[in-house]
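One structure below.
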Amino acid sequence: AITLTLAPHSAIIKGNIADMAPLSEDCIAPLLVQVLKASGWRQEGNGSDALGSGHPAPETNSSGKEWTAARRLPQALIIGVKKGGTRALLEFLRLHPDIRALGSEPHFFDRHYARGLDWYRSMMPKALDGQIVMEKTPRYFVTVDTPARVHAMSQDVKLIVVVRDPVTRAISDYTQIISKTPGIPSFESLAFKNRTTGQIDSLWSPLWIGLYAQHMERWLAWFPRNQIHLVSGERLISDPAGELGKVQDFLGLQRIVTDKHFYFNKTKGFPCLKKPEGSSKPHCLGKTKGRTHVSIDPEVIQKLRDFYKPHNQRFYQLAGQNFGWH
């Protein structure tokens with residue numbers, strides 16, 4: 001059994017694991033995550049039974065409020081975009097003790113909708129009252145039926161979209177594809193219907209995903225703009241704490257994830273976590289993140305920038321902000 005005693009500026013753990021000296025306030029949040037995350041635990045001194053038999057049992061803290069860990073449908077979704085930085089955002093958000101996030105992508109609203117909401121709920125991590133349950137599936141943003149399906153689950157769900165310069169996003173997408181499917185045609189040949197006339201194939205997935213205005217309009221038909229938070233994929237790299245601060249504000253959470261959690265890895269070219277959840281060691285995302293992009297003909301890149309320019313301008317209008325993509 002474990003007892004967690006909280007005082008204004010310290011926390012002490014006692015029990016079978018270890019006797020520990022008083023811990024600084026900075027340590028309290030990670031400790032709470034580790035203790036409360038367990039699906040079965042009991043708190044000494046309050047007369048409650050240990051959790052068991054798969055049913056949530058109430059826990060009472062010092063204020064008398066009951067703590068019940070249960071599986072709930074998500075209150076927030078990271079819906080896009082692929083190769084925008086969604087994995088980084090999810091990993092950064094998981095540092096927050098009031099966020100319970102599913103690590104894998106469930107693809108419920110685009111692939112497994114027929115399984116029903118009970119199945120979807122069963123996929124979620126257990127959470128306490130007051131914690132926000134969330135998941136990320138980047139394909140939701142571009143799937144036609146998804147906005148209506150999400151709305152049917154909850155009209156109040158908070159939606160997060162990480163967006164990135166659509167040209168660099170497309171190159172990143174292609175870089176991932178070719179790493180899994182060597183021997184596919186070149187980026188240049190796939191990006192154009194006709195290279196001679198310069199007609200771009202906007203239905204090719206890496207390019208189609210970057211038509212953000214088209215996808216955004218579909219979501220705005222079901223949800224008000226203030227329920228959709230846009231994260232800059234570029235600023236998520238250059239100023240992760242700043243972007244995370246805005247996301248925490250959007251979710252109604254205290255700004256606990258701050259610049260003290262990050263350092264910039266010059267080799268990989270993006271931020272890494274100093275001490276991720278449950279670890280004392282620094283952590284960067286996997287080897288597949290931060291791949292060196294394939295080299296693309298500069299003339300092709302310029303044609304793509306020209307192609308995306310009106311689409312980006314329309315997206316800026318819908319978003320109410322300019323992301324500065326050139």
Side-chain angles (χ1 to χ4, degrees), residues 78-92 136 138-142 160-181 184-192 195 198 200-216 229-240 242-244 246-247 262 264-272 284-319 321-326:
I78 299 175
I79 58 174
V81 299
K82 181 184 179 186
K83 307 311 295 178
T86 58
R87 170 56 58 184
L89 177 63
L90 186 76
E91 293 303 316
F92 296 164
K136 78 116 179 165
R139 191 160 177 79
Y140 290 165
F141 187 60
V142 301
I160 300 170
V161 191
V162 188
V163 290
R164 178 186 184 187
D165 181 328
V167 177
T168 54
R169 196 222 67 82
I171 296 170
S172 178
D173 201 346
Y174 176 79
T175 300
Q176 182 182 56
I177 292 169
I178 202 169
S179 73
K180 296 178 178 179
T181 318
I184 65 169
S186 69
F187 180 94
E188 291 85 347
S189 64
L190 292 169
F192 292 93
R195 183 76 184 272
I200 286 171
D201 186 358
S202 61
L203 294 180
W204 182 43
S205 180
L207 300 184
W208 175 71
I209 289 172
L211 299 173
Y212 301 145
Q214 177 180 315
H215 308 308
M216 185 75 167
H229 180 75
L230 300 173
V231 175
S232 164
E234 287 81 12
R235 287 197 295 272
L236 190 60
I237 292 173
S238 64
D239 180 21
E243 286 300 295
L244 264 290
K246 295 173 189 175
V247 175
F262 302 99
F264 191 81
N265 185 305
K266 293 180 181 178
T267 303
K268 293 184 77 71
F270 54 73
C272 298
C284 288
L285 297 178
K287 293 179 181 179
T288 62
K289 305 299 180 182
R291 292 187 188 94
T292 301
H293 287 180
V294 294
S295 181
I296 307 296
D297 182 342
E299 183 182 338
V300 170
I301 290 177
Q302 187 55 53
K303 285 183 178 179
L304 287 175
R305 295 208 179 283
D306 293 341
F307 165 74
Y308 275 119
K309 189 172 182 178
H311 296 283
N312 290 343
Q313 292 299 324
R314 174 63 179 148
F315 179 63
Y316 297 164
Q317 290 175 347
L318 293 171
Q321 61 191 102
N322 188 323
F323 289 89
W325 301 321
H326 302 296

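Excluded from the calculations below are hydrogen atoms, water molecules and symmetry mates; all remaining heavy atoms, backbone and side chain alike, are included. Residue numbers count from 1 along this sequence.
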For Ser238, give me all partners under side chain to side chain contact (heavy atoms under 4.5 Å, CB included), at least two apart in sequence or on another chain.
Arg235
Using side chain to side chain contact (heavy atoms under 4.5 Å, CB included) as the criterion, list what pairs up with Ser205, not counting sequence neighbours.
Ile209
Can you sort out the partners of Ile178 under side chain to side chain contact (heavy atoms under 4.5 Å, CB included), two or more places apart, ordered by chain and number?
Tyr174, Ile184, Val294
Applying ring-ring contact (aromatic ring centres under 6.0 Å, His included), name anything that partners Trp325, two or more places apart in sequence or on another chain.
Tyr212, Tyr316, Phe323
Residues in side-chain hydrogen bond (donor to acceptor under 3.5 Å, both in side chains) contact with Asp306, at least two apart in sequence or another chain:
Gln302
Residues which pass salt bridge (Lys or Arg N to Asp or Glu O under 4.0 Å) with Arg164, listed by chain and number, not counting sequence neighbours
none
With sequence neighbours left out, write down each residue that passes side-chain hydrogen bond (donor to acceptor under 3.5 Å, both in side chains) with Asp201, or none if nothing qualifies.
none
Point-to-point distance, once rounded to the nearest 0.5 Å, from CG of Leu89 to CD of Glu91
10.0 Å
Residues that Lys246 engages under side-chain hydrogen bond (donor to acceptor under 3.5 Å, both in side chains), provided they are two or more places apart:
Glu243
Go through the structure and list residues passing side chain to side chain contact (heavy atoms under 4.5 Å, CB included) with Pro185, not counting sequence neighbours.
Ser189, Leu190
With sequence neighbours left out, write down each residue that passes side-chain hydrogen bond (donor to acceptor under 3.5 Å, both in side chains) with Asp173, or none if nothing qualifies.
Lys82, Arg169
List the residues meeting ring-ring contact (aromatic ring centres under 6.0 Å, His included) with Phe192, not counting sequence neighbours, and say none if there are none.
none
For Tyr308, the ring-ring contact (aromatic ring centres under 6.0 Å, His included) test, sequence neighbours excluded, returns none
